[in-house]
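Written below as structure tokens is the structure these notes are about.
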There are 2 protein chains.
Amino acid sequence: MPRDATPTALKVHHDHDRCIADALAAAAEVCRELGARFTPLRRRVLEIVWQSHKPLGAYGILDVLAAEGRRPMPPTVYRALDFLVAKGLVHRIPSLNAFIGCTRPGRRHDGQYLICHNCGTVAELTDEGLNTALGKAARGHGFAVESVLTEAVGLCPACAERRKTAS
Amino acid sequence: MPRDATPTALKVHHDHDRCIADALAAAAEVCRELGARFTPLRRRVLEIVWQSHKPLGAYGILDVLAAEGRRPMPPTVYRALDFLVAKGLVHRIPSLNAFIGCTRPGRRHDGQYLICHNCGTVAELTDEGLNTALGKAARGHGFAVESVLTEAVGLCPACAERRKTAS
DNA sequence: ACTTAATTTGCAACATTATAACACTTCTAT
DNA sequence: ATAGAAGTGTTATAATGTTGCAAATTAAGT
Ligand SMILES: [Zn+2]
Ligand SMILES: [Zn+2]
Ligand SMILES: [Zn+2]
Ligand SMILES: [Zn+2]
């Protein structure tokens, strides 16, 4: 896969079940490599995050789990999310208080998140050039960057198309 | 002032009272130009935000106002903050749930925020090159960026110096 | 000046997001 | 088997943010 292929979230049609299956398999592999435990709860939370096309909040995850009989309390879900974020399997989008599955798990990376203000989907870019450029600019002022999170708000391709057609 | 002069927050010594006075004067001017009302409450909230060297949360502002006799309720402060953010006088840092005074009020801009994980100060950069680079990358995937917010976490010059000296 | 409309602030109640503390269970390693 | 570590369940609470309506203030028109 080319380094900057268009993020799945920006593609109109794709086999999302496959996305989920791949993500879970990759997560299991990452955990195995890191010696971390990919427990049923963590697996299920990751799956729920991936099943949502939009970023999902912790309480949204709780609702899904509640609907399927389990009745976990907030700390349970937050702990699973903390784990998934720490292992780089999920990203938190601070401006949305919500989480999305990482499309490039395994390697550590700083992402750029493209948030559609019309449909709410979020796509993840990983442009290292942007990060190094910021690192350089900050360094010029004596600031040593360790991690970066970029949130862009705008209109996704699907919504732009829809808007054009409607007019 | 050169376009990318080092942000005030990264300078070790400066006359912060002067910072605050300048910011309030600039805010009054911006509001006048926009035909917006710079009421005492809004002015006071902006002042409180500027008086803090670190980003301040809405409830932190409430505490300051409460300590001086006034007992405003959360909506009062949130509305003042909404106004100040809308007019570009204050920025919200989502990952901190907190606010900082804008160092370049007036012109609309997307900033990069340098958050020191040691002392908590935040400096604002405004590197348009970074924003246009992200805009271009996103556009390559069909996404039309409208606004960007970049949060970098790392070590500020003062803390780096302190750490070097201590070792 | 007087009236009216719009904006701003006060206030009460509530909604959402996140964490602390501790008990209990499950897994891992010796 | 047993001890320690890691994970989960549970209760309660903290921190952050919003809705809706009433009262006060301000701006604008007559
Ligand atoms: Zn990622
Ligand atoms: Zn969209
Ligand atoms: Zn600014
Ligand atoms: Zn610092």
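- Straight-line distance from the CG atom of B:L84 to the P atom of C:dT8: 12 Å, rounded to whole Å.
- Residues B:N97 and B:R92 come closest through the heavy atom pair OD1-NH2, 3.4 Å.
- Counting to the nearest Å, the C1' atom of D:dT19 and the CE atom of B:M73 are 16 Å from each other.
- For the pair B:L62 CG and C:dA12 C1', the interatomic distance rounds to 15 Å; values are reported in whole Å.
- Regarding A:Y78, its OH atom lies at a distance of 12 Å from the P atom of C:dT16, rounded to whole Å.
- Between the A:H53 side chain and the A:G120 main chain, no donor and acceptor come within less than 3.5 Å of each other.
- Residue A:N97 places at least one side-chain N or O under 4.0 Å from the OP1 or OP2 atom of C:dA18.
- For the pair A:L81 CG and C:dA18 P, the computed distance is 9 Å after rounding to whole Å.
- Close to C:dT8, at under 4.0 Å from its OP1 or OP2, lies no side-chain N or O of B:T76.
- Between the base of D:dG17 and the side chain of B:R79 there is no donor-acceptor pair shorter than 3.5 Å.
- Along DNA chain C, the nucleotide nearest B:R42 and the nucleotide nearest A:P74 are compared for position; the residue whose nucleotide lies closer to the 5' end is B:R42.
- The shortest distance between the side-chain N/O atoms of A:T39 and the OP1/OP2 oxygens of C:dT26 is not below 4.0 Å.
- How far CG of B:L41 is from CG of B:L46: 11.0 Å, rounded to the nearest 0.5 Å.
- In this structure, A:Y59 packs face-to-face on the six-membered ring of C:dT17, meeting both the 5.5 Å centre cutoff and the 30° plane limit.
- Rounded to whole Å, atom C1' of D:dA15 lies 15 Å from atom CD1 of B:I61.
- At the phosphate of D:dG7, neither OP1 nor OP2 sits under 4.0 Å from any side-chain N or O atom of A:R43.
- Computed from coordinates, the B:D82 CG to D:dT16 C1' distance equals 13 Å when rounded to whole Å.
- Taking atom CG of A:D63 as the reference point, atom P of C:dT17 lies 10 Å away to the nearest angstrom.
- Taking CD1 of B:I100 as the start and CD of B:E124 as the end, the distance is 5.5 Å to the nearest 0.5 Å.
- Ring planes of B:Y78 and B:Y59: perpendicular class, angle over 60° (limits at 30 and 60°).
- Using a 4.0 Å heavy-atom cutoff across all strands shown, B:P75 reaches at least one base atom of the nucleic acid.
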